[in-house]
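As structure tokens, the structure follows; a few thoughts come after it.
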Amino acid sequence: WSIGEGTTQQISLSDMKKIESSEGTVYFKPEQEQLAKALAEILNSAHQLIQERLGVYPKPLSVVLIPKQAGIGTVILEGVAAVPILIPSSMKSLRDADAITDLFVYWVVPHESVELVIAPILYHDRSSRWIGDGLAQYASYLVAQEFSSQAFVIAIQAEHHRVNALLAQGITLYDLMKDFLVIKGRPENLLLSDDSKESAGYAVSLAFWLDITKRHGDEVIRAFWREVNQLQSCLIPYVLCLRRPTAGDAVRILSRLTGEDIGARLRAMDLQEVLKILDSARL
């Protein structure tokens with residue numbers, strides 16, 4: 001995980017305490033126990049909210065609380081796939097969190113927990129990222145809106161900036177089926193990207209789902225995900241599959257559920273309209 005500029009720190013979890021639940025595991029140093037308990041409660045509340053609103057059951061995720069040190073840019077965790085969260089030394093409760101800590105707790109963690117559920121089902125089709133990252137972005141939007149105004153405002157501002165970066169280059173239309181493909185062979189970074197067009201896909205896919213739910217409500221997502229999931233037929237889950245849904249299947253299902261030409265919308269997202277949707281989301 002790259003979480004800033006600086007050197008690499010390798011973290012071993014063997015000497016850390018942990019809190020385990022069905023929603024995930026929080027690793028922490030003994031002096032961070034109260035923070036860890038509060039974070040575990042937030043994970044539980046966030047998962048319940050996502051399940052109720054989207055019908056997607058987030059994947060239990062490991063989170064590691066790491067005391068913030070100057071010059072640390074990349075964290076390598078030994079023996080477990082987890083999201084590291086840097087904790088400033090002055091932080092005694094989640095109410096004291098700085099902007100970056102808040103963003104990881106209320107935006108990055110929900111995003112990862114949802115995308116990790118969707119990816120094994122759909123990411124064999126590279127053009128399905130508007131579903132995986134898109135619904136993950138929408139889940140983060142719901143969690144941040146409910147639990148952290150700081151994370152919510154910062155994240156929406158960041159998405160706004162991503163779209164403006166493309167408009168400044170004279171790009172006015174975005175094709176979510178071609179411009180925002182599943183990444184293979186390199187780690188994903190929600191906060192940074194060298195490719196401005198790829199990076200803008202987070203904002204555009206979020207705007208797509210925000211607009212869908214504004215027109216049709218969250219029930220359309222719950223129905224959509226049920227039908228997409230039912231198309232999967234595996235002898236061994238995610239490994240030996242006779243049938244896996246494609247992005248084309250998803251487009252057909254969502255078109256039928258909404259009565260709209262979803263394929264046409266995905267292939268020509270108007271970036272000025274995307275900005276309007278993101279602006280309305282901040283109200």
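Note that the numbering runs from 1 along the sequence shown for the chain.
For the pair N44/S21, no side-chain contact is recorded, criterion being any heavy-atom separation below 4.5 Å from C-beta on. The shortest side-chain heavy-atom distance between T258 and R215 does not fall under the 4.5 Å cut-off. Counting heavy atoms from C-beta on, the side chains of E227 and L257 come closer than 4.5 Å. Between D98 and M91 the shortest side-chain heavy-atom distance does not fall below 4.5 Å. L231 is listed as a side-chain neighbour of I253, based on a closest heavy-atom distance under 4.5 Å. Inter-residue side-chain proximity for M269 and F180 is flagged as unmet; no heavy-atom pair is nearer than 4.5 Å.
Although no hydrogens or angles enter the test, the distance criterion places no donor-acceptor pair under 3.5 Å between the side chain of Q232 and the main chain of V228. E159 contributes a side-chain N or O that, together with a main-chain N or O of A203, makes up a donor-acceptor pair within less than 3.5 Å. Side-chain N or O atoms of T101 include one that pairs as donor or acceptor with a backbone N or O of L86 at under 3.5 Å. Side-chain atoms of S148 do not come within 3.5 Å of backbone N or O of Y106 as any donor-acceptor pair. A donor-acceptor pair under 3.5 Å links the side-chain atoms of D179 to the main chain of D175, judged by distance alone. Using modelled atom types, no side-chain atom of N229 and backbone atom of R226 make a donor-acceptor pair closer than 3.5 Å. In this structure, S255 contributes its side chain and I262 its backbone to a donor-acceptor pair below 3.5 Å. Y174 places a side-chain N or O within 3.5 Å of a backbone atom of G201 that can act as its donor or acceptor partner. At distances below 3.5 Å, not a single donor-acceptor pair connects side-chain atoms of S113 with backbone N or O atoms of L61.
Contact between V251 and G263 at its shortest, heavy atoms only, is CG1-N, 3.6 Å. Closest approach of S199 to R162, counting heavy atoms only: OG-NE, 2.7 Å. Of all heavy-atom pairs spanning L278 and I156, the tightest one is O-CG2, 3.7 Å. Closest approach of L173 to D270, counting heavy atoms only: CD2-CA, 3.8 Å. The two residues P60 and S22 come nearest to each other via the heavy atoms CG-O, 3.2 Å. Between S127 and L181, the closest heavy-atom pair is CA-CD2, 3.9 Å.
Looking at R252 and D249, a side-chain N of the basic residue comes within less than 4.0 Å of a carboxylate O on the acidic one, giving a salt bridge. Salt bridge status for R265 with D261: absent, with no side-chain N to carboxylate O gap under 4.0 Å.
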Q: Apply side-chain contact (heavy atoms from CB on, under 4.5 Å) to the pair Q272 and T172, showing each step before the final yes or no.
A: CA-CA 7 Å; Q272 291 290 357; T172 59; 6.0 Å; no
**Q.** Verdict with supporting geometry, Y138 and L142, side-chain contact (heavy atoms from CB on, under 4.5 Å)
**A.** CA-CA 6 Å; Y138 184 61; L142 294 175; 3.8 Å; yes
Q. Under the side-chain contact (heavy atoms from CB on, under 4.5 Å) criterion, do W107 and Q137 qualify, and how do the steps go?
A. CA-CA 8 Å; W107 196 276; Q137 284 287 83; 3.0 Å; yes
**Q.** Check against side chain to side chain donor-acceptor pair (under 3.5 Å), S205 and D133
**A.** CA-CA 7 Å; S205 59; D133 266 315; over 6 Å; no
Q: Decide yes or no on side-chain contact (heavy atoms from CB on, under 4.5 Å) for I85 and L39, but give the supporting numbers first.
A: CA-CA 11 Å; I85 300 178; L39 180 55; 4.2 Å; yes
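Once rounded to the nearest 0.5 Å, the distance linking CD of E112 with CZ of F104 reads 9.5 Å. We find the CD1-CG distance between I221 and L135 to be 5.5 Å, quoted to the nearest 0.5 Å. Taken from NE2 in H160 to CD1 in I277, the straight-line distance is 11.5 Å, to the nearest 0.5 Å. Summarising the geometry, atom CG belonging to L43 is positioned 10.0 Å from atom CD1 belonging to I19; distances are rounded to the nearest 0.5 Å. Once rounded to the nearest 0.5 Å, the distance linking CZ of R129 with CZ of R126 reads 9.0 Å. Atom CZ in F208 sits 5.0 Å away from atom CG in L254 (nearest 0.5 Å).
Sparse packing is recorded around CZ of R267, with 12 or fewer heavy atoms of other residues, nucleotides or ligands lying under 6.0 Å away. Residue H124 qualifies as enclosed at atom NE2: its count of foreign heavy atoms under 6.0 Å is above 12.
No hydrogens or angles considered: a donor-acceptor pair under 3.5 Å links the side chains of E115 and Y123.
Under a hydrophobic-cluster definition in which Ile, Leu, Val, Met, Phe, Trp and Tyr are linked whenever side-chain heavy atoms come within less than 4.5 Å, directly or via other members, L167 and I171 are assigned to the same cluster.
Between F147 and F152, the ring centre distance reaches or exceeds 6.0 Å.
Listed by first and then second residue, the salt bridge (charged side-chain N to carboxylate O under 4.0 Å, His left out) pairs that reach into residues 36-60 are E33-K37, R53-D218, sequence neighbours excluded.
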